[in-house]
Visitor: 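Take this structure, written in structure tokens, and hold onto it; I'll ask about it next.
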Amino acid sequence: MTSLSVSADRDRAADLGDPLLSALNPQQRQAVLHEGGPLLIVAGAGSGKTRVLAYRIAWLLKHRKVAPGEIVAITFTNKAAGEMRERVTSLIGPRARAMWVSTFHSMCVRILRAHAKELGFTTSFTIYDKADSQRLMTLVARDLDLDPKRYPARSLVNQVSNLKNELIDEESYAPTNSAEKILAEAYRGYQRRLREANAMDFDDLIMTTVNLLQAFPEVGEHYRRRFRHVLVDEYQDTNQAQYVLVRELSGGAELCVVGDADQSIYAFRGATIRNIVEFERDYPQATTVLLEQNYRSTQTILQAANAVIACNSGRRPKNLWSDQGPGEPIQGYVADNEHDEAAWVAGEIGRLRDAEGLRPGDVAVFYRTNNQSRVFEEIFIRVGLPYRVLGGVRFYERREVRDALAYLKTIGNPADVVSLRRILNTPRRGIGQRAEACVEALASRERIPFPQALERCNEAPGINPRSVTSITEFTTMMAEFRSLAVDGAGPSGLLSALLDRTGYLSELQASTDPQDEGRVDNLNEMVSVAAEFEQQRPDGTLADFLEQVSLVADADEIPADAGPDDPQPGTILMMTVHTAKGLEFPVVFLTGLEEGIFPHMRTFGEPSELAEERRLAYVAITRAQRLLHISRAMTRTAWGQPSYNPQSRFLPEIPEGLVHWIRTEPSREQLYSGGQSAQARLASAALSRGGLRGGVGNRAVVALDVGDRVSHDAFGLGRVVETRGEGDKAEATIDFGSSGTKRLLLRYAPVEKL
DNA sequence: ACTCGGAAACTTTTT
DNA sequence: GTTTCCGAGT
């Protein structure tokens with residue numbers, strides 16, 4: 001669209017006098033008003049993407065005579081879907097409820113449930129998550145007598161997942177070598193078992209929907225006729241299967257996709273950046289709108305982000321800008337080690353709190369990998385700063401919760417063998433491996449499904465009569481639960497009944513393990529979740545409940561935005577950079593900027609993976625609104641051994657003038673004089689006693705020369721290849737043979753000269 | 001049938 | 001260093 005027509009649109013908006021448009025900048029307005037061909041909105045970080053999507057939908061409903069039922073808006077997260085629905089509702093009222101605003105996966109479940117029969121499933125099919133899939137694949141691999149060392153179930157599941165993301169089903173997969181032939185066999189066995197279990201895994205939800213739309217033309221036609229507008233959020237995160245799904249759905253619709261190639265950080269899950277990069281080739285009639293004005297950060301922060309991402313080659317140039325002015329410089333810190341880094345972060349937060357009333361809730365700490373959170377937790381506890389770690393073990397991944405859900409799944413879908421086998425002997429009721437194997441043998445001999453073999457367990461060859469009794473008791477109990485469900489017991493009633501009747505709850509309550517107390521709490525929470533579900537959806541079925549639980553990772557992990565006037569101090573949020581995507585914070589600490597950490601060691605070999613690490617850095621930087629801190633540690637304990645890491649390549653990519661370095665790489669004199677580090681200051685300030693690790697960094701330095709043979713606690717025997725520096729800074733490059741060649745800072749490395 | 005101990009692994013994870 | 005999984009022992 002030309003700028004001429006933009007101004008024409010603006011005039012029309014003025015004519016209409018609609019306040020919807022006055023809150024938008026010209027590019028945003030163009031995106032909202034665009035009519036006709038496919039639309040690509042390239043939305044830089046913080047450029048008001050969600051607002052544009054919501055306003056566009058509101059505009060469609062209000063001014064273009066589009067009915068809510070003719071719109072489908074697809075997101076990746078439930079949170080994004082919820083936010084979008086809420087924003088549209090606040091713009092145009094409750095009419096918005098008839099729209100389809102959902103995640104890829106829940107949209108697909110909705111379609112699949114409606115057509116389950118055609119596909120050979122019942123409407124209450126079970127959705128398997130990664131853990132379920134892995135258990136199922138373990139069964140398949142055992143069936144095929146695969147060596148679990150050479151073909152771990154984990155790896156097979158991942159490979160199958162990749163194939164499904166490429167829409168290659170088990171029939172069309174053409175193996176070309178022996179390893180692939182094994183994979184093909186595993187794939188077929190896995191799909192057969194899924195069908196027998198009346199279950200689909202996450203990737204099936206997408207692939208099967210595509211197959212459905214393509215194999216049943218009248219079904220595809222139905223949805224193409226229904227949807228006049230298809231909108232897709234975070235388009236850079238779509239994989240091949242989702243790409244085709246969107247194509248199939250939008251055949252008769254106006255398509256609008258929003259995304260930012262520079263924020264594509266999920267390639268490892270199958271997302272392919274090509275979908276957004278090649279949008280204009282896929283859809284030659286496409287119009288592209290570029291949103292570059294940022295409403296989140298200071299110009300300083302944006303300049304840093306722009307400079308770093310510009311180092312990626314082959315990208316569409318984009319220049320984020322802000323009218324907020326330069327703001328404060330970025331604060332940089334080079335720490336001695338990860339404890340010192342954490343101490344600096346803690347000290348800085350304390351200082352900002354005292355000096356300018358910063359609330360902990362305004363602060364976020366980012367790191368590349370989860371294990372980096374520990375040192376921060378330690379120091380925050382010690383100095384008394386309130387914090388929360390995002391993204392640990394999730395509620396629905398806890399053992400007791402999964403057990404309870406497995407009961408519900410087995411009740412709702414008797415064919416679900418993975419859930420059935422999970423609870424068969426949980427809590428312990430004397431049905432061990434031996435008994436299970438006997439039933440399994442019966443199943444394969446009679447060529448009947450496992451649940452049926454369980455019913456006929458007395459026929460199982462070589463089974464212990466005591467096991468038969470236990471199994472009969474178990475199957476009777478499950479039948480009772482099913483009749484409870486048939487008689488109208490809701491999920492919460494069923495849950496309470498089974499937790500009680502199975503003895504699961506009483507076993508936990510009787511336990512002396514302190515962890516089990518929390519498990520009881522979690523199960524109570526589970527019952528509350530179920531009760532809440534019944535209240536919200538009185539006619540919701542057990543399958544509906546299980547669907548919600550399977551497709552909603554965690555409802556409210558991130559506390560609602562408090563806002564600057566909130567008297568609540570809030571808590572510091574700690575998370576990986578991946579988790580931070582889509583969030584924003586007044587003050588951000590981006591930590592661990594070291595080669596091997598960020599960018600991660602595993603990405604070194606692959607330029608495309610390094611480019612993704614850089615995008616990750618870009619995402620991290622653009623989360624900061626007002627003040628960004630960046631830091632790195634000279635040495636860091638990894639896998640129990642200290643290692644020296646040079647600065648991250650991303651650091652020198654930030655223009656020098658933007659960063660104020662509080663502390664740089666210490667000179668030798670400073671190292672000798674000891675002081676100056678945040679860790680040392682914190683220790684001398686006597687914030688606590690005894691907690692600081694005295695051992696680290698105080699090792700006597702071994703004098704080494706090239707050619708010396710050494711022994712290392714972890715790496716074993718090695719030979720010195722090169723030495724550099726002296727005193728506390730002395731390093732040596734040592735070839736450990738099969739353990740690889742390492743560069744070690746001798747002050748820290750546990751090496752002995754032989 | 002269960003428990004304990006040693007070996008091995010070990011990025012990121014919206015569904 | 002920490003966690004997870006498998007196998008041997010009780």
Side-chain angles (χ1 to χ4, degrees), chain A residues 74-83 102-109 127-130 133-134 138 148-149 152-155 158 161 165 200-206 233-234 236-239 241-242 263-271 338 366-372 374-375 390-394 396-397 399 425 428-437 464 466-467 470 547-554 557-558 575-583 592 596-604 606 609 612-613 615-617 619-620 636-642 693 696 713-714:
Chain A
I74 314 172
T75 64
F76 275 86
T77 68
N78 294 291
K79 185 170 167 256
E83 270 171 20
S102 64
T103 65
F104 270 101
H105 291 84
S106 47
M107 177 185 76
C108 287
V109 170
I127 300 163
Y128 279 175
D129 66 12
K130 193 130 199 175
S133 303
Q134 246 174 66
T138 308
K149 291 262 157 26
R154 221 181 103 111
S155 146
N158 277 334
S161 170
N165 288 339
M200 295 197 207
D201 66 21
F202 277 143
D203 305 308
D204 279 334
L205 297 180
I206 312 288
D233 192 15
E234 305 278 21
Q236 78 281 354
D237 289 338
T238 53
N239 60 34
Q242 288 157 338
Q263 292 186 68
S264 164
I265 56 173
Y266 284 110
F268 68 92
R269 287 176 46 139
E338 72 269 30
F366 299 161
Y367 34 77
R368 178 61 178 78
T369 63
N370 282 304
N371 61 8
Q372 291 168 252
R374 263 199 49 192
V375 283
L390 259 44
V393 184
R394 289 200 287 250
Y396 292 114
E397 282 168 14
R399 181 160 54 101
N425 199 31
R428 308 254 126 94
R429 50 173 77 89
I431 310 172
Q433 277 181 343
R434 180 72 204 271
E436 197 180 324
N464 183 330
R466 287 206 355 215
S467 302
S470 305
E547 173 192 326
Q548 176 177 311
V549 170
S550 302
L551 296 182
V552 176
D554 255 318
E557 209 189 10
I558 296 151
M575 66 195 88
T576 66
V577 181
H578 282 89
T579 306
K581 190 180 158 207
L583 305 177
I597 302 291
F598 194 0
H600 195 275
M601 201 163 38
R602 288 228 184 172
T603 66
F604 286 171
E606 208 26 72
E609 289 189 37
E612 179 148 317
E613 293 285 302
R615 293 195 291 269
L616 200 50
V619 167
R636 180 178 296 273
T637 308
W639 295 320
Q641 292 302 310
R693 305 231 323 242
V696 174
D713 287 355

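In what follows, chains carry the letters A, B, and so on, assigned in the order in which the sequence lines appear, proteins first and then strands, with residues in each chain numbered from 1. Predicted model only: the values in this text are computed from it and were never measured.
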Visitor: Output yes when a side-chain donor or acceptor of A/T579 lies under 3.5 Å from a complementary backbone atom of A/M575, and no otherwise.
Guide: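 Pair absent, no side-chain N/O of A/T579 close to backbone of A/M575.
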Visitor: To the nearest Å, give me how far apart CG (A/N464) and P (B/dA1) are.
Guide: 7 Å
Visitor: NA contact type, A/R368, heavy-atom cut-off 4.0 Å: base, sugar-phosphate, or nothing?
Guide: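 Counting heavy atoms under 4.0 Å across all strands, the contact made by A/R368 includes a base.
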Visitor: Using OP1 and OP2 only, check whether a side-chain N or O of A/N78 sits under 4.0 Å from B/dT15.
Guide: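 Checking A/N78 against B/dT15: at least one side-chain N or O falls below 4.0 Å of OP1 or OP2.
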Visitor: Give me the distance, rounded to whole Å, that separates C/dC5 from B/dT12 when you measure between the C1' atoms they each carry.
Guide: 23 Å
Visitor: If you apply the rule salt bridge (charged side-chain N to carboxylate O under 4.0 Å, His left out), what do you find for A/R368 with A/E613, and how did you get there?
Guide: CA-CA 10 Å; A/R368 178 61 178 78; A/E613 293 285 302; 2.7 Å; yes
Visitor: What does A/F104 touch in the nucleic acid at a heavy-atom separation under 4.0 angstrom: a base, only the sugar-phosphate, or nothing?
Guide: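 If one applies the 4.0 Å heavy-atom cut-off, A/F104 turns out to touch nothing in the nucleic acid.
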Visitor: Reckon A/N370 touches a base, only the sugar-phosphate, or nothing at all at heavy-atom distances under 4.0 Å?
Guide: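 The answer is sugar-phosphate, as A/N370 gets under 4.0 Å only of primed atoms, P, OP1 or OP2.
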Visitor: From CG of A/N165 over to P of B/dT15, roughly how many Å is that when rounded to an integer?
Guide: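 The distance from CG of A/N165 to P of B/dT15 comes to 16 Å, rounded to the nearest Å.
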Visitor: Charged N to carboxylate O under 4.0 angstrom, A/K581 versus A/D237?
Guide: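 Here A/K581 pairs with A/D237 in a salt bridge, since their nearest N and O are under 4.0 Å apart.
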Visitor: Report the distance from atom CG of A/L616 to atom C1' of B/dT12, rounded to the nearest whole Å.
Guide: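 The distance from CG of A/L616 to C1' of B/dT12 comes to 7 Å, rounded to the nearest Å.
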Visitor: Quick test: give all pairs of protein nitrogen or oxygen and nucleotides 8-10 of chain B nitrogen or oxygen below 3.5 Å, distance rounded to 0.1 Å.
Guide:
{"unit_1": "B/dC10", "atom_1": "N3", "unit_2": "A/W639", "atom_2": "NE1", "d": "3.4"}

Visitor: In this structure, how many angstroms lie between the P atom of B/dT15 and the NZ atom of A/K581, rounded?
Guide: 12 Å
Visitor: For the side chain of A/E547 and the backbone of A/V109, is there at least one donor-acceptor N/O pair under 3.5 Å apart?
Guide: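 No: the side chain of A/E547 does not pair with the backbone of A/V109.
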Visitor: Is A/D237 touching bases, backbone alone, or none of the nucleic acid, heavy atoms closer than 4.0 Å?
Guide: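 A/D237: base contact, heavy atoms under 4.0 Å.
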Visitor: Please state whether the rings of A/F202 and A/H105 are parallel, tilted or perpendicular, taking 30° and 60° as the class boundaries.
Guide: perpendicular
Visitor: A/N425 or A/E397: which one's nearest nucleotide on DNA chain B is closer to the 5' end?
Guide: A/N425
Visitor: Minimum heavy-atom separation for A/Y266 and A/H578, please, with both atom names.
Guide: OH-O, 3.6 Å
Visitor: Okay, side chain of A/N425, backbone of A/I431: is any donor-acceptor separation there less than 3.5 Å?
Guide: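 Such a contact is found between A/N425 side chain and A/I431 backbone.
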Visitor: Take A/F76 and A/T238 through the side chain to side chain contact (heavy atoms under 4.5 Å, CB included) test and state the conclusion after the steps.
Guide: CA-CA 9 Å; A/F76 275 86; A/T238 53; 3.9 Å; yes
Visitor: Looking at B/dT12, B/dA1, B/dT15, which one has an atom nearest to any side-chain atom of A/R269?
Guide: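 Of the candidates, B/dT15 comes closest.
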Visitor: Using heavy-atom distances to pick each residue's nearest nucleotide on DNA chain B, tell me which of A/Q433 and A/E613 is more 5'.
Guide: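 The residue whose closest nucleotide sits nearer the 5' end is A/Q433.
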Visitor: How is A/E234 classified with respect to the nucleic acid when contacts are heavy atoms under 4.0 Å: base, sugar-phosphate, or nothing?
Guide: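 Contact class for A/E234: none.
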Visitor: May A/F268 be described as stacking on the base of B/dT12, applying a 5.5 Å centroid limit and a 30° limit on plane angle?
Guide: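 Yes.
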Visitor: Could you check whether any side-chain N or O of A/D201 sits under 3.5 Å from a backbone N or O of A/D129, counting only pairs where one atom can act as donor and the other as acceptor?
Guide: no
Visitor: Quickly work out the A/F598 CZ to B/dT11 P distance and round it to whole Å.
Guide: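 The distance from CZ of A/F598 to P of B/dT11 comes to 16 Å, rounded to the nearest Å.
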Visitor: In whole Å, I'd like the distance from the CD1 atom of A/I431 to the C1' atom of B/dA1.
Guide: 12 Å
Visitor: Atom pairs under 3.5 Å, N or O on each side, protein against nucleotides 2-4 of chain C: can you list them with distances?
Guide:
{"unit_1": "C/dT2", "atom_1": "OP1", "unit_2": "A/R374", "atom_2": "NH1", "d": "3.3"}

Visitor: Any sub-3.5 Å donor-acceptor pair from A/Q641's side-chain atoms to A/A638's backbone N or O?
Guide: no
Visitor: Check whether any side-chain N or O of A/E612 sits under 3.5 Å from a backbone N or O of A/A267 as a donor-acceptor pair, and report yes or no.
Guide: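 A pair under 3.5 Å: yes.
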Visitor: Would you mind reading off the distance between A/F366 atom CZ and B/dT11 atom C1', rounded to a whole angstrom?
Guide: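 After rounding, the gap between these two atoms is 17 Å.
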Visitor: Taking only side-chain N and O atoms of A/S550, does any of them lie within less than 4.0 angstrom of OP1 or OP2 on B/dT15?
Guide: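 A/S550 to B/dT15 OP1/OP2: no side-chain N or O under 4.0 Å.
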Visitor: Atom CD1 of A/I127 and atom C1' of B/dT15: how far apart are they, to the nearest Å?
Guide: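 One finds 9 Å between C1' of B/dT15 and CD1 of A/I127, rounded.
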Visitor: For B/dT12, take OP1 and OP2 only and decide whether either is under 4.0 Å from a side-chain N or O of A/T579.
Guide: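 Answer no for this pair, as no side-chain N or O of A/T579 is under 4.0 Å from OP1 or OP2.
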